[in-house]
Amino acid sequence: MATSIFCGFLLLLFPSCATNPTPVNSSDQGNSYLISSRLVSRATAEKQSHFRFYWHDVISGPNPTAIRVAEAPGTNTSTTGFGALIMIDDALTTGPDMKSKLVGRAQGFYASAGLDKVGLLMAMNFVFTDGKYNGSTIAILGHNEVFSAVREMPIVGGSGLFRFARGYVQARTHSLEKTGDAVVEYNIFVNHY
């Protein structure tokens, strides 16, 4: 009896706890790369946002954005490049063309971690430089099997507007040049406050 009275009292104090979360529209219509944003919980105001960016990994030419900084003794004879460590500062744009609007940078590294199959350890921050997200980051850490059609990696945190972020990203190769330069489409599904 006392327990049911207490529960009823809590519902009177916090009625939003008894209702389901409802979708909300993004008020930030100026950013074409924000696909959707919805309220996850009224009590915490946590949102789930979906972003789409194109990641430009340039290893050729006079101004590469991805540079090999370390390698193992057998890296050059390995069929998978095992042991190579590449630092990156790759552009994130709204479209696959490098001339598309720049919205941030992917900064971090990837390392060839597969002996028998090409698989990368990815550790990078998506550092936003545009609009209301300017200065905020999303941290990604995971396995990237680069020759799979879709690769999924976890979001392990963030900063600024993405403080306490969690979620996942899906990567799809858009183009891969003979030079090794690549454009990868990233869909980011992130819960944040």
Query - Within-4.5 Å side-chain heavy-atom neighbours: Arg105 and Thr65 - result: yes
Query raised in the report: Do Thr93 side-chain atoms and Gly95 backbone N/O form a donor-acceptor pair below 3.5 Å?
Result: yes
Query raised in the report: Is there a side chain to side chain contact (heavy atoms under 4.5 Å, CB included) between Tyr33 and Leu92 once you walk through the steps?
Result: CA-CA 11 Å; Tyr33 52 84; Leu92 296 172; over 6 Å; no
Requested in this report: Check side-chain hydrogen bond (donor to acceptor under 3.5 Å, both in side chains) between Asn125 and all other residues, then give those that pass, not counting sequence neighbours.
Outcome: none
Requested in this report: Measure up the Tyr168 and Phe189 rings against each other and bin them: parallel (under 30°), tilted (30 to 60°), perpendicular (over 60°).
Outcome: parallel
Query raised in the report: With a 4.5 Å limit on heavy-atom distance, are the side chains of Asp90 and Gln107 in contact?
Result: no
Query raised in the report: Going from NE2 on His56 to OG on Ser175, what distance comes out if it is rounded to the nearest 0.5 angstrom?
Result: 8.5 Å
Query raised in the report: Within a radius of less than 6.0 Å around CZ of Arg172, do more than 12 heavy atoms belonging to other residues, nucleotides or ligands occur?
Result: yes
Query - Euclidean distance, Phe109 CZ relative to Leu85 CG, rounded to 0.5 Å - result: 6.0 Å
**Report entry** Approximate separation, where rounding is to 0.5 Å, of Glu46 CD and His192 NE2
**Finding:** 8.5 Å
Query - Distance flag, aromatic centroids of Phe128 and Phe53, threshold under 6.0 Å - result: yes
Query - Check: Val190 main-chain N/O paired with Ser49 side-chain donor or acceptor under 3.5 Å - result: no
Query raised in the report: Does any non-hydrogen side-chain atom of His50 lie less than 4.5 Å from one of Gln48?
Result: no
Query raised in the report: Does Phe126 have its ring centroid less than 6.0 Å away from the ring centroid of Phe162?
Result: no
Query raised in the report: How long is the gap from CZ on Phe51 to OG on Ser37, to the nearest 0.5 Å?
Result: 7.0 Å
Report task. For the pair Asp181 (side chain) and Leu176 (backbone), establish whether a donor and an acceptor sit closer than 3.5 Å, ignoring hydrogens and angles. Result -> no
Report task. Give, for atom CG of Asn191 and atom CD1 of Ile155, the distance between the pair rounded to the nearest 0.5 Å. Result -> 8.5 Å
Between side-chain atoms of residues 67-81 and protein atoms elsewhere (two or more places apart, or another chain), which donor-acceptor pairs fall under 3.5 Å?
| from | atom 1 | to | atom 2 | distance (Å) |
| --- | --- | --- | --- | --- |
| Arg68 | NH1 | Glu71 | OE1 | 2.9 |
| Arg68 | NH1 | Asn76 | OD1 | 3.3 |
| Glu71 | OE2 | Asn76 | ND2 | 3.3 |
| Thr75 | OG1 | Ala72 | N | 2.8 |
| Thr75 | OG1 | Ala72 | O | 3.2 |
| Thr75 | OG1 | Phe82 | O | 2.8 |
| Thr77 | OG1 | Gly74 | O | 3.1 |
| Ser78 | OG | Thr80 | N | 3.1 |
| Ser78 | OG | Thr80 | OG1 | 3.1 |
| Ser78 | OG | Gly81 | N | 3.2 |
| Ser78 | OG | Phe82 | N | 3.2 |
| Thr80 | OG1 | Phe82 | N | 3.4 |
| Thr80 | OG1 | Gly114 | O | 2.5 |

Query raised in the report: CE/Met124 to CG/Asn144 distance, rounded to the nearest 0.5 angstrom?
Result: 7.5 Å
